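Before anything else, here's the structure in question.
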Amino acid sequence: MLIGKKRKLGRKINEIQAGEKLEMQETIEDKDLLLYLGLTNDNNPLFIQHDYATLTPFKKPIVPQIMLMGMVTSAVSKYLPGPGSSITQSHFHFVKPVYHYSKLTFLFEITEVDRDNHLVAMKVTAKNEEGNEVLYADLQVCPPYPPKPITSNTMENF
């Protein structure tokens, strides 16, 4: 836990430029799928039952799309802009199914920085190990605000 520990905030709006990119890779492991499915109580047979999935056009179990969205939002929270960021809008397209054990390469690109409204526009793509695009997204992100200084009046409401 991070209670009582200081955590460095991500990059502030004035430190971000259009054209910046981040590339990262994620491999879909059984432990990740089982943790997600257990936490959400999602028992969709398309995600976990090989016998059912073989009877569908997918031919094998696929990764839940919301889990892929979580990988994207996690990268925004951890890396670009980083801790303290908040996604205010998102639009995802799932181009192809993602299968268990896939290795995905995500590319994040800052397309616009709106300093007046404290927002960053970002495009995200993900490709599988064959180089096929499996998702793309447009995000609007609010980068972290600098913390206000602590004064003698800071804790008056408590």
Side-chain angles (χ1 to χ4, degrees), residues 1-29 31-42 44 46-47 62-100 102-158:
M1 286 190 114
L2 295 174
I3 295 174
K5 294 184 181 180
K6 286 193 173 192
R7 172 98 191 230
K8 184 178 178 190
L9 291 177
R11 296 179 39 226
K12 315 299 183 292
I13 189 85
N14 61 347
E15 301 170 330
I16 301 169
Q17 301 296 322
E20 290 185 40
K21 295 179 182 178
L22 166 72
E23 184 176 286
M24 59 174 252
Q25 292 186 332
E26 291 281 341
T27 301
I28 313 296
E29 302 284 345
K31 65 178 177 54
D32 305 317
L33 287 158
L34 293 172
L35 183 60
Y36 166 80
L37 294 170
L39 287 172
T40 59
N41 198 24
D42 189 342
N44 184 338
L46 186 57
F47 301 149
I62 64 171
V63 175
Q65 292 84 355
I66 196 79
M67 187 173 159
L68 300 171
M69 291 171 70
M71 292 175 177
V72 169
T73 61
S74 175
V76 169
S77 294
K78 291 191 287 188
Y79 307 118
L80 187 64
S85 301
S86 174
I87 296 173
T88 60
Q89 285 186 29
S90 64
H91 192 195
F92 282 81
H93 300 270
F94 301 98
V95 182
K96 292 185 179 283
V98 174
Y99 297 104
H100 297 198
S102 292
K103 183 176 184 178
L104 302 179
T105 301
F106 291 88
L107 179 63
F108 297 77
E109 182 177 2
I110 304 291
T111 57
E112 183 182 347
V113 178
D114 181 353
R115 288 180 173 74
D116 294 335
N117 293 306
H118 199 87
L119 293 170
V120 173
M122 186 181 301
K123 290 200 176 295
V124 182
T125 59
K127 294 183 178 182
N128 61 18
E129 53 275 317
E130 289 88 30
N132 297 318
E133 186 175 74
V134 295
L135 78 76
Y136 66 91
D138 294 300
L139 305 178
Q140 182 174 284
V141 178
C142 176
Y145 287 97
K148 294 180 180 178
I150 296 175
T151 67
S152 61
N153 299 333
T154 302
M155 303 298 266
E156 281 183 354
N157 290 331
F158 289 97

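None of the values given here were measured: they were computed from a predicted structure.
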- Within-4.5 Å side-chain heavy-atom neighbours: Pro64 and Leu33: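 Contact flag for Pro64/Leu33 side chains = yes.
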- Task: With rounding to the nearest 0.5 Å, note down the distance linking CD1 in Ile16 to OG in Ser85.
- Result: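 Nearest 0.5 Å value for the CD1-OG distance: 7.0 Å.
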- Item | Option passing side-chain hydrogen bond (donor to acceptor under 3.5 Å, both in side chains) with Thr105 (candidates Glu129, Lys127, Glu26, Gln25) |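 Between Thr105 and the candidates, side-chain hydrogen bond (donor to acceptor under 3.5 Å, both in side chains) is satisfied uniquely by Gln25.
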- Message: How long is the straight-line distance from CG of Leu35 back to NZ of Lys31, given to the nearest 0.5 Å?
- Response: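 If I round to the nearest 0.5 Å, the distance is 8.5 Å.
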- Task: Would you mind telling me which of Val95, Val63, Leu68, Asn128 makes a side-chain contact (heavy atoms from CB on, under 4.5 Å) with Val134?
- Result: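 Exactly one option meets the side-chain contact (heavy atoms from CB on, under 4.5 Å) with Val134, and it is Asn128.
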- Do Leu104 and Val98 touch side chain to side chain, with heavy atoms closer than 4.5 Å?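 Result yes, sub-4.5 Å side-chain heavy-atom pair found.
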- Query: Quick one: are Met122 and Pro81 in side-chain contact, heavy atoms under 4.5 Å?
  - Reply: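 Counting from C-beta outward, Met122 and Pro81 do come under 4.5 Å.
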- When rounded to the nearest 0.5 angstrom, what is the spacing between NZ in Lys21 and CZ in Phe108?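 These two atoms lie 14.0 Å from each other.
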- Task: Looking only at non-hydrogen atoms, find the nearest pair between Lys123 and Asp138 and report the distance.
- Result: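 Minimum heavy-atom contact is NZ-OD1, 2.7 Å.
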- Message: Heavy-atom count check: over 12 atoms from other residues, nucleotides or ligands less than 6.0 Å from Phe94 CZ?
- Response: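 Atom CZ in Phe94 is crowded, with more than 12 foreign heavy atoms closer than 6.0 Å.
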- Query: Asp32 versus Met67: any side-chain heavy-atom pair under 4.5 Å?
  - Reply: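 With C-beta onward as the side chain, the pair touches.
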- Full working for side chain to side chain contact (heavy atoms under 4.5 Å, CB included) between Glu20 and Leu80: CA-CA 9 Å; Glu20 290 185 40; Leu80 187 64; 4.2 Å; yes
- Message: Could you go through Phe47 and Asp42, starting from their C-alpha distance and side-chain angles, then the distance that decides it, and tell me whether this counts as side chain to side chain contact (heavy atoms under 4.5 Å, CB included)?
- Response: CA-CA 9 Å; Phe47 301 149; Asp42 189 342; 3.3 Å; yes
- Item | Nearest-0.5 Å distance that lies between atom OG1 in Thr40 and atom CD1 in Ile66 |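 One finds 9.5 Å between OG1 of Thr40 and CD1 of Ile66.
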- Message: Determine whether Ile87 and Gln140 satisfy the following criterion, side chain to side chain contact (heavy atoms under 4.5 Å, CB included), listing intermediate values before the conclusion.
- Response: CA-CA 6 Å; Ile87 296 173; Gln140 182 174 284; over 6 Å; no
- Task: Could you tell me the separation between the OG atom of Ser102 and the CD atom of Glu29, rounded to the nearest 0.5 Å?
- Result: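 Here the interatomic distance stands at 10.5 Å.
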- Are Thr125 and Glu133 close enough that a side-chain donor and a side-chain acceptor fall under 3.5 Å?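 Checked: Thr125/Glu133 side chains show no N/O donor-acceptor pair below 3.5 Å.
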- Can you check whether Asp114's main-chain N or O pairs, donor with acceptor, with Asn117's side chain at less than 3.5 Å?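 Absent.
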- Message: Let's go through His93 and His91 carefully: what are the C-alpha distance in whole Å and the side-chain angles of both, what is the deciding distance for side chain to side chain contact (heavy atoms under 4.5 Å, CB included) to 0.1 Å, and is it a yes or a no?
- Response: CA-CA 7 Å; His93 300 270; His91 192 195; 3.6 Å; yes
- Is the closest side-chain heavy-atom distance between Met71 and Ile28 below 4.5 Å?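 Contact flag for Met71/Ile28 side chains = yes.
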- Message: What I'd like to find out is whether the side chain of Phe92 reaches to under 4.5 Å of the side chain of Val124, using heavy atoms alone.
- Response: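 Side chain of Phe92 against side chain of Val124, heavy atoms only: no contact under 4.5 Å found.
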- Message: Tell me whether Thr111 contacts the main-chain N or O of Ala121 through its side chain, where contact means a donor paired with an acceptor under 3.5 Å.
- Response: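 Side chain of Thr111 to backbone of Ala121: a pair is present.
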- Non-hydrogen atoms of Pro83 and Lys78 that approach each other most closely: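 Pro83 and Lys78 have their closest heavy atoms at CD-O, 3.7 Å.
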- Query: Is Pro143 close to Arg11 at the side-chain level, that is, under 4.5 Å between some pair of heavy atoms?
  - Reply: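 A side-chain contact under 4.5 Å is absent here.
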- What is the distance from atom CZ of Phe106 to atom CG of Leu22, rounded to the nearest 0.5 Å?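 With rounding to 0.5 Å, CZ (Phe106) is 11.0 Å from CG (Leu22).
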- Pairwise side-chain contact, Thr88 with Val141, heavy-atom cut-off 4.5 Å (strictly under):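 Side-chain contact under 4.5 Å: no.
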